Each structure stands twice: as structure tokens, then as C-alpha cells.
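Below you'll find the structure, written out as C-alpha cells, and then a few comments.
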Amino acid sequence: MYSEQPEHAGHGPAWRNLLVTEYQVIKEEQKVRIGFRDNLLYVTLAAVTAVIVAAAQAKATLLLLALPPVCVILGWTYLVNDEKISAIGRYIRTDLGPRLVAGLDAEAANGTAGPDGANREPFGWERTHRGDARRRSRKLIQCLVDLSTFCLVPLGGLALFWLDGNQGAAVLAASVVEALAIVVLAWQILVYAAPFRVGDGGTTTSPGP
């Protein structure tokens, strides 16, 4: 007569399948976020170009004040998505993967796992792609690209606005507030990018996760 032994909590095929399903779901979210994040660079460049062309055609430096809000909003959205992409990878490496290994080890100890059940690291790409010797330089370059796109360009627009010298006090005060917002964004980009840190705690600012 067939009898099935109850699975230990956290182990067994059902638990393993649940972890694999979770991996598939969060990898899909990561893929969507990567596409959205990378497209934000092109959207920002298009918006910046439109504002600069409009300001040049109208010969009105006042229009350049539209650059900081656009760049700060899009830059912050970019940064938030970048952090979530990295958080997903970090979760897989430090939580989901080890839990799956523990379950496979338990199955192997009980004699219920296949010959390759234990002693294999799942989701190995999550660690392998981080071992590239040029990863540090890529992170630094990407950080510079992010700072240039979202911070240096709007600061340049503000500099041209200030050099014009024919602006009212209220508009000038608004431009100073915009400059402070850009500085805060630049600080956050440096904090999140951590271009000189390559451990599991850092974020990924290269085109991949």
C-alpha cells in the first residue's frame, strides 16, 4: 500500500518548486525594470534636447529652468528602478539561493534528492556576472554617465540662465532651489551607485542587473 511521507516544512519538491517560481517571477520583474530604467536615459536626452532647442529658438534663457525639474524627476525614477534591480539580484544571491540550497541539502540527507540535488549553487549567473574584472571600471563610467545626464546638463542650463543676468528675484530664487535639488540627486546617485564598491551590498549601474 502506497503511503507518502509528509514533507518537512521548508523542504521537499513542493517547496523547491515554490522557490523556483518565485525566482522566475522576480526575474521577470527585474527584466521589466531594466528595460524601463534604460529607456529613461533616452527619454531624458530627448526631453533635454527639446528644451534646449525651444530655448534657443525663442532666445529665452528662462525656458532653461525646465531642465532641472525634468532631469531630477527622471533621474530619481531611474535611480529608484536601478536600486530595485540590484535589490532583486542581492535577494537572489543572499536569500533565495541559500534557502534553495538548504532545501536540496535536506533532501539529499533524507535520500530524496537526485544525484545532483545537493552541493550545487542555483542561479549561478547571479554571482558569475559580478566576477568580471572590469566591473569596477564599468560601474565608475556608468556613474559618470548618470551624473552627466541627470545633473551636469541641468546645472549647465542654470549657469546659462544665471549668466543672462536679467531675471527677477523670485525666478532667481526658484533657480537656486532647483540647483539644490540637483545637488541632492547627485549625492543620491553617488550613494546608490557606490562606484568603488563591488561587494554584494553595492548596486548595479551597468546595463545588466
Side-chain angles (χ1 to χ4, degrees), residues 7-44 72-110 112-114 116-147 149-150 184-209:
E7 296 177 359
H8 186 275
H11 304 311
W15 178 252
R16 181 174 66 247
N17 292 339
L18 181 62
L19 295 182
V20 172
T21 299
E22 181 183 3
Y23 171 76
Q24 294 171 338
V25 170
I26 61 177
K27 286 299 290 185
E28 181 63 25
E29 177 186 346
Q30 189 183 55
K31 183 177 75 171
V32 171
R33 285 186 178 275
I34 289 173
F36 180 72
R37 177 200 64 182
D38 293 349
N39 284 334
L40 282 173
L41 284 173
Y42 302 112
V43 172
T44 302
V72 168
I73 292 173
L74 293 176
W76 179 251
T77 305
Y78 174 95
L79 190 60
V80 168
N81 274 274
D82 185 66
E83 192 280 330
K84 294 303 181 185
I85 291 165
S86 299
I88 289 173
R90 188 162 53 247
Y91 170 72
I92 292 172
R93 292 190 303 274
T94 63
D95 190 311
L96 187 60
R99 277 193 288 143
L100 182 56
V101 169
L104 292 174
D105 288 343
E107 289 182 42
N110 293 331
T112 58
D116 296 328
N119 299 321
R120 295 189 63 180
E121 181 181 1
F123 320 133
W125 174 247
E126 300 296 334
R127 292 189 182 277
T128 300
H129 83 281
R130 295 170 60 84
D132 186 351
R134 292 185 293 274
R135 182 170 181 269
R136 183 188 294 267
S137 61
R138 287 201 313 273
K139 286 173 66 68
L140 175 58
I141 292 172
Q142 186 63 50
C143 181
L144 294 176
V145 170
D146 295 344
L147 287 172
T149 303
F150 299 114
V184 171
L185 177 62
W187 170 59
Q188 286 296 300
I189 288 175
L190 290 173
V191 169
Y192 277 95
F196 302 106
R197 184 176 61 198
V198 295
D200 284 342
T203 64
T204 301
T205 53
S206 58

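Since we're looking at a predicted model, the values are computed, not measured.
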Do any N or O atoms from the side chain of Gln30 and from the backbone of Ile88 form a donor-acceptor pair under 3.5 angstrom? no
Is it the case that the side chain of Arg93 and the backbone of Gly89 share a donor-acceptor pair, with hydrogens and angles ignored and the cut-off at 3.5 Å?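 Pair found, side chain donor or acceptor close to backbone of Gly89.
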Glu83/Arg37 salt bridge by N-O under 4.0 Å criterion: no
When rounded to the nearest 0.5 angstrom, what is the spacing between [atom1] in [X] and [atom2] in [Y]?
| X | Y | atom1 | atom2 | answer |
| --- | --- | --- | --- | --- |
| Asp38 | Asp82 | CG | CG | 9.0 Å |
| Ile85 | Glu29 | CD1 | CD | 9.5 Å |
| Tyr42 | Thr149 | OH | OG1 | 11.0 Å |
| Ile34 | Asn39 | CD1 | CG | 12.0 Å |

Heavy-atom side-chain contact between [X] and [Y] under 4.5 Å:
| X | Y | value |
| --- | --- | --- |
| Asp146 | Leu79 | no |
| Ile26 | Leu96 | yes |
| Thr94 | Pro98 | no |

Requested in this report: Start with the C-alpha gap between Ile141 and Arg138, add the side-chain angles, then the distance that decides, and say whether side-chain contact (heavy atoms from CB on, under 4.5 Å) holds.
Outcome: CA-CA 5 Å; Ile141 292 172; Arg138 287 201 313 273; 5.8 Å; no
Report task. Test Tyr91 against Glu22 for side-chain contact (heavy atoms from CB on, under 4.5 Å), laying out the working first. Result -> CA-CA 11 Å; Tyr91 170 72; Glu22 181 183 3; 2.5 Å; yes
Query raised in the report: What do the steps show when you test Gln142 against Val145 for side-chain contact (heavy atoms from CB on, under 4.5 Å), and what is the final call?
Result: CA-CA 5 Å; Gln142 186 63 50; Val145 170; 4.1 Å; yes
Compare every heavy atom of Leu190 with every heavy atom of Cys143, then report the nearest pair and how far apart it is.
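Minimum heavy-atom contact is SG-CD2, 3.8 Å.
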- Task: Check the pair Lys27 / Ile92 against side-chain contact (heavy atoms from CB on, under 4.5 Å), numbers first and verdict last.
- Result: CA-CA 9 Å; Lys27 286 299 290 185; Ile92 292 172; 3.6 Å; yes
Using 30° and 60° as the class limits, which term best fits the ring planes of Tyr78 and Phe150: parallel, tilted or perpendicular?
tilted
(message) List the residues meeting side-chain contact (heavy atoms from CB on, under 4.5 Å) with Phe36, not counting sequence neighbours, and say none if there are none.
(response)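 With neighbours one apart ignored, the set is Leu40, Thr77, Asn81.
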